[in-house]
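Just so we're on the same page: letters track the sequence lines, and every chain starts at 1.
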Amino acid sequence: MKYEKIQAPKGVSEYAPPLSAAFEWVRESLIAPAKLAGYQLMELPVFEDTALFSRGVGESTDVVSKEMYTFEDRGGRSITLRPEGTAGVMRAVIEKGLDRGQLPLKVWYSGQFFRAERPQAGRYRQFYQVGIEAIGLDDPAIDAEVIAIADQGFKSLGLRNYRLEITSLGDAKSRAAHRVDLLKYIEKVDLDEPTRARAAINPLRLFDDKRPEMKAAMQDAPLLLDYLSAESLANFNQVKKYLDLLGIKYIVNPRMVRGLDYYTGTTFEFIHEDLGAQSGIGGGGRYDGLMEILGGQSLSGIGFGLGVDRALLAAQAEGVISEDQFTSDLFIIPLGEEQKSVALTLATTLRNAGIRTEIAFGDRALKAAMKAADKSGSSYVVIIGEDEVASGVVELKRMSDGSLTSVKISELQKALAGAL
RNA sequence: GUGGGCGUAGCUCAGCUGGUAGAGCACUCGGUUGUGGUCCGAGAUGUCGCGGGUUCGAGCCCCGUCGCUCACCCCA
């Protein structure tokens, strides 16, 4: 009987040893600064009511219009695998009334997200993000803190070849004024049909077109940054001032476009230089109307999402991955059935004392077991045979120099604790 | 969704103008009784992604299909 192999679904990212250790390191490092700043965990479902995203993220976005994994569950409800994190956080905040307490509410999340795109370097159908949201206070100092936390995450990985781009999308008045002039400008540009359709939904998208002829055509287009209301401009300037104070370098990019409709005010992106086409390793911004749209009170918020997969790719590209895999302190080699029982109980005792202990399983030749011990990178090895069980004494071998020391089994824990 | 490249042992790949498969690494065992790293020897492993076609004969040619990959697009 021969069964066909089953493959992973197209375009998913997954991490097995030895890479998984680096993945875990990247994920934990990216979110560590947020924990230090008092952000608290929000653990949310990976699927939500489809309406949450179509309404929250925006019907006009590519993410919602053609990249969602949407299906009907057994109760006939329309369900969607979450394509991003912010909408879900808002839903939970509203549902649990967390916005009724002291503000800002500061939370973080980590997990997988889903987008049905054509896979590519650094672009997956299931990918990992960590993110934070600071909800309920519109203060440029929080904007700066959120950006600083993201930046610190990348810095703690040892990343250097990335840049931070920021801009402001202003308030509603600013955007309305700009839109009028931008549409007027676009009318004079010769566009193909898909591009024209995109422009009709959100004219800002044209700034993001990578084709040289489009870049040239948009060269003299009016910039939103020049249309900011006095209030928005002052706010943006204050954010920049704080970033300067923190010594965080940034480039103001007035042509930056974010893919999700809810962004307003301060928006930012982290771009890595060594990555290929999918170079965005993180991004975020302020979202003034989101909470209200989702049926909550009218509160502003700001947050970011950082791409764990891409940050890992970036760390590899820069050669800053730390190679340390798990290595045990002690490797026990039992010889014979009875000795296995001794090894198992001994290992349990030692592990409870915090000593990383592995056992050679199977009935392999001693030479093979020693090889396995060597490969495991274990610091010490003991062999437990009949003699050792009888005498209660083992030879503790230090792998670095091969030296042997006689130690009572009952005192192994103490001996190791002192030696390690 | 559109286009380019690629699919041969666990991994990285070789395979000349078509004659039914190899290397290195890894793995297993051994080099005399219970002690690893080096060295030496031996061994196991593939329906050559899958399905058709052309041919006396296909890993090599043709078609289809699936997958991977890169770019457009989009974004983390």
| Under a 3.5 Å cutoff on both atom distances, Watson-Crick or G-U, what's the dot-bracket for RNA chain B ([ ] crossing, | other strand)? | (((((((..((((........)))).(((((.......))))).....(((((.......))))))))))))....

| task | Determine whether any donor atom in the side chain of D374(A) lies under 3.5 Å from an acceptor atom in the base of rG36(B), or the reverse, and answer yes or no. | result | yes

| note | The ring pair (Phe, Tyr, Trp, His ring centres under 6.0 Å) partners of Y15(A) (sequence neighbours excluded) come to F23(A)

Considering only nitrogen or oxygen atoms on both sides, find all protein atoms under 3.5 Å from nucleotides 29-31 of chain B and state each distance.
residue, atom, partner, partner atom, Å
rG31(B), O6, K367(A), NZ, 2.9

| Roughly how far apart, to the nearest Å, are rC62(B) and rU17(B) at atom P? | 14 Å

| query | Which pairs, with at least one residue in residues 377-386 of chain A and sequence neighbours excluded, count as a side chain to side chain donor-acceptor pair (under 3.5 Å)? | reply | S328(A)-S378(A)

| Atom CD of E338(A) with >12 non-hydrogen neighbours under 6.0 angstrom | no

| ring pair (Phe, Tyr, Trp, His ring centres under 6.0 Å): which pairs involve residues 145-164 of chain A, sequence neighbours left out? | F154(A)-Y162(A), F154(A)-F270(A)

| query | Using atom P of each nucleotide, how far apart are rC72(B) and rG53(B) to the nearest Å? | reply | 40 Å

| query | Contacts to RNA chain B from residues 407-419 of chain A, heavy-atom cutoff under 4.0 Å, which residues? | reply | none

| field | Separation of rG36(B) C1' from R398(A) CZ (nearest whole Å) | value | 15 Å

| query | Okay, side chain of K106(A), backbone of A37(A): is any donor-acceptor separation there less than 3.5 Å? | reply | yes

| request: State whether the number of non-hydrogen atoms from other residues, nucleotides or ligands found under 6.0 Å of K35(A) atom NZ is greater than 12. | output: yes

| Distance between P atoms of rG22(B) and rC27(B) (Å, rounded) | 23 Å

| message | Any N or O donor-acceptor pair under 3.5 Å from the base of rG34(B) to the side chain of E388(A)? | response | yes

| field | P-based separation of rU2(B) from rC61(B) [nearest Å] | value | 26 Å

| task | Please check if atom CD in E395(A) has more than 12 non-hydrogen atoms from other residues, nucleotides or ligands closer than 6.0 Å. | result | yes

| query | Any luck finding a side-chain donor-acceptor pair between T266(A) and S168(A) under 3.5 Å? | reply | no

| note | In whole angstroms, the gap separating P of rU69(B) from CG of L313(A) amounts to 11 Å

| message | From CG of L404(A) over to P of rG36(B), roughly how many Å is that when rounded to an integer? | response | 11 Å

| request: Sugar-phosphate means primed atoms, P, OP1 and OP2; the rest is base. With that split, encode nucleotides 40-46 of chain B 5' to 3' as B, S or - using protein heavy atoms under 4.0 Å. | output: -------

| field | Student check: side-chain heavy atoms of I333(A) and V381(A) closer than 4.5 Å | value | yes

| said: Is it the case that the side chain of R255(A) and the backbone of Q219(A) share a donor-acceptor pair, with hydrogens and angles ignored and the cut-off at 3.5 Å? | reply: yes

| Side-chain ion pair, D143(A) and R286(A), N-O less than 4.0 Å | yes

| query | Can you tell me how far P in rC25(B) sits from the matching atom in rA21(B), rounded to whole Å? | reply | 23 Å

| task | Could you say whether G385(A) or S400(A) is positioned toward the 5' end of RNA chain B, judged by the nucleotide with the nearest heavy atom to each? | result | G385(A)

| said: Quick check: do F268(A) and L164(A) have side-chain heavy atoms less than 4.5 Å from each other? | reply: yes

| query | Which residues pass the side chain to side chain contact (heavy atoms under 4.5 Å, CB included) test with R364(A), sequence neighbours left out? | reply | A368(A), A372(A)

| field | Interatomic distance where NZ belongs to K375(A) and P belongs to rA26(B) [whole Å] | value | 7 Å

| said: Suppose you measure atom P in rG7(B) against the same atom in rU55(B); what distance do you get, rounded to whole Å? | reply: 26 Å

| task | Could you measure between the two P atoms, the one in rG49(B) and the one in rA44(B), and give it in whole Å? | result | 24 Å

Enumerate all atom pairs, one protein N or O and one N or O from nucleotides 65-67 of chain B, separated by less than 3.5 Å.
none

| Among side-chain atoms of E165(A) and N253(A), is any donor-acceptor pair under 3.5 angstrom? | yes

| message | Show every ring pair (Phe, Tyr, Trp, His ring centres under 6.0 Å) that has at least one partner inside residues 48-67 of chain A, sequence neighbours left out. | response | none

| query | In whole angstroms, how far is the C1' atom of rC68(B) from the CD atom of E14(A)? | reply | 13 Å

| request: Do nucleotides 70-76 of chain B as a string where each nucleotide becomes B, S or -: B if the base has a protein heavy atom under 4.0 Å, S if just the sugar-phosphate does, - if no protein is that close. | output: SBBBBBB

Check: residues 110-122 of chain A side-chain donor-acceptor pairs under 3.5 Å, at least two apart:
residue, atom, partner, partner atom, Å
R115(A), NH1, P83(A), O, 2.4
Q120(A), OE1, R123(A), NH2, 3.3
Q120(A), OE1, Q278(A), NE2, 3.4

| message | Between rC40(B) and rG46(B), how many Å separate the two P atoms, rounded to a whole number? | response | 27 Å

| R163(A) with E273(A): basic N within carboxylate O range, under 4.0 Å | yes

| said: Between D401(A) and R398(A), does any side-chain N to carboxylate O distance fall below 4.0 Å? | reply: yes

| task | Verify the distance criterion only: is there a donor paired with an acceptor across the side chains of E133(A) and Y287(A) at less than 3.5 Å? | result | yes

| request: For atom CZ of F207(A), decide whether the heavy atoms of other residues, nucleotides or ligands shown that lie under 6.0 angstrom number more than 12. | output: yes

